[in-house]
Amino acid sequence: MQLRRNAPQAGPTGPDDHLAGRPSWDCRSCGRPWPCHPVRERMTSEMDRVSLAIYMWTNLEEAIHDIPRGPVSDLFDRFIRWTH
Ligand SMILES: [Zn+2]
């Protein structure tokens, strides 16, 4: 019988996951502002533009709650602009 590895989402994260740290929204792997370059590359290759834009809008809305200071335009550039 073959063991299947379905890693749970809440499990320990690997060094290549590049998940967003909360509430700073810095990458937990490389410490850069999320979404960092590896995340953008991966999502661009795995998702179509519409899905990607929707996904990033969802993250942007959460980030605005976590990072209330600072201009929203900065967050827009960071989360949305590169998806176009
Ligand atoms: Zn990263």
Side-chain angles (χ1 to χ4, degrees):
M1 179 176 157
Q2 192 177 359
L3 286 175
R4 294 194 57 181
R5 288 191 64 204
N6 288 327
Q9 292 283 48
T13 58
D16 296 326
D17 286 347
H18 293 276
L19 301 174
R22 302 285 294 271
S24 66
W25 287 87
D26 290 333
C27 175
R28 284 198 249 164
S29 297
C30 64
R32 294 174 186 275
W34 194 92
C36 58
H37 188 67
V39 168
R40 296 182 189 201
E41 292 250 294
R42 189 171 66 211
M43 289 196 295
T44 303
S45 67
E46 290 179 355
M47 302 171 87
D48 63 75
R49 287 190 178 192
V50 174
S51 302
L52 179 58
I54 293 170
Y55 177 72
M56 291 313 299
W57 271 111
T58 306
N59 282 285
L60 173 63
E61 287 180 4
E62 293 193 32
I64 288 172
H65 288 292
D66 284 345
I67 317 172
R69 288 169 302 184
V72 172
S73 60
D74 282 2
L75 290 175
F76 182 88
D77 285 348
R78 172 171 159 185
F79 282 80
I80 306 297
R81 192 174 297 279
W82 62 274
T83 66
H84 293 293

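Each ligand, and each atom within it, is numbered from 1 in the order the structure gives. The first residue of the sequence shown is numbered 1, and numbering continues consecutively from there.
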> Is any protein N, O or S atom closer than 2.8 Å to the Zn ion (ligand 1), and if so, which?
Replying inline: H18 ND1, C27 SG, C30 SG, C36 SG

> Can you check whether W82 reaches M43 side chain to side chain, under 4.5 Å on heavy atoms?
Replying inline: yes

>> Just verifying a value: how many Å separate Y55 OH and T83 OG1, rounded to the nearest 0.5 Å?
In response: 13.0 Å

> Going by heavy atoms in the side chains, are F79 and W57 under 4.5 Å from each other?
Replying inline: no

>> Same cluster or not: I67 versus L19, using hydrophobic residues (I, L, V, M, F, W, Y) connected whenever any side-chain heavy atoms lie under 4.5 Å apart?
In response: no

>> For R42, I'd like to know if atom CZ has over 12 heavy atoms of other residues, nucleotides or ligands within 6.0 Å.
In response: yes

> Transitively linked via ILVMFWY side-chain contacts under 4.5 Å: I54 with F76?
Replying inline: no

